[in-house]
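The structure appears below as structure tokens.
Computation of the quantities below employed the complete heavy-atom set of this structure, encompassing side-chain atoms and omitting hydrogens, waters and symmetry-equivalent molecules.
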Amino acid sequence: MPDEYSIYDAKAHLSALVKRVREGSTFVITVRGEPVAELRPITKPDAGPQTLVERLAKLRASGEIADAGRPRDVTRALPVAIDVPGALQRFLADRE
């Protein structure tokens, strides 16, 4: 189990704690005896997926994201605004 430090002690000894973290130690920071944070070394991310499709597949596999159900048809064009005959002529007439 990692060592515990109160927020007061952690602030007072932060430089020493960071030095030990760089050596691989992990610490729990407490406030009024309740654990609220963990001070630990950063793990370097693996090379992992590089393309968007690969990243999305990895997130789906880990359960971090899920499909919303029915896929949207992204090939379908968006509806065009209603074309009212003579709209341009009315607009130009109003400008004069």
Side-chain angles (χ1 to χ4, degrees):
M1 181 166 167
D3 294 334
E4 289 188 5
Y5 285 86
S6 70
I7 189 76
Y8 177 83
D9 290 335
K11 286 192 306 186
H13 301 102
L14 184 59
S15 296
L17 291 176
V18 169
K19 182 179 178 184
R20 289 183 55 196
V21 166
R22 291 180 75 186
E23 296 168 353
S25 297
T26 300
F27 304 101
V28 172
I29 310 297
T30 63
V31 174
R32 296 187 179 124
E34 182 180 336
V36 294
E38 185 175 65
L39 186 60
R40 61 181 171 81
I42 295 176
T43 56
K44 300 209 188 255
D46 60 349
Q50 298 301 315
T51 67
L52 177 61
V53 172
E54 291 172 336
R55 286 183 285 184
L56 288 173
K58 183 178 177 182
L59 290 171
R60 281 188 193 98
S62 68
E64 293 182 53
I65 63 171
D67 291 328
R70 181 175 60 97
R72 293 180 13 198
D73 182 9
V74 294
T75 60
R76 184 179 56 122
L78 294 173
V80 179
I82 298 172
D83 186 20
V84 178
L88 178 59
Q89 287 77 19
R90 286 195 310 272
F91 173 74
L92 292 174
D94 287 344
R95 286 185 52 186
E96 294 176 354

Rounded to the nearest 0.5 Å, what separates atom [atom1] in [X] from atom [atom2] in [Y]?
| X | Y | atom1 | atom2 | value |
| --- | --- | --- | --- | --- |
| Ile65 | Arg55 | CD1 | CZ | 11.0 Å |
| Asp9 | Thr30 | CG | OG1 | 8.0 Å |
| Asp94 | Gln89 | CG | CD | 11.5 Å |

Item to check | Residues forming a salt bridge (charged side-chain N to carboxylate O under 4.0 Å, His left out) with Glu38, sequence neighbours excluded | outcome: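 Testing Glu38 for salt bridge (charged side-chain N to carboxylate O under 4.0 Å, His left out), a comparison that skips the adjacent residues, returns Arg40.
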
Item to check | CD1 (Ile42) with more than 12 external heavy atoms under 6.0 Å | outcome: no

Next on the checklist: Restricting to non-hydrogen atoms, name the atom on Ala10 and the atom on Leu17 that form the minimum distance, rounded to 0.1 Å.
Outcome noted: CA-CD1, 3.8 Å

Item to check | Closest non-hydrogen atom pair between Ser25 and Pro41, with its separation | outcome: O-CD, 3.4 Å

Checklist entry - Should Leu39 and Tyr5 be counted in the same cluster of Ile, Leu, Val, Met, Phe, Trp and Tyr side chains packed under 4.5 Å apart? => result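 Yes: a chain of side-chain contacts under 4.5 Å links Leu39 to Tyr5.
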
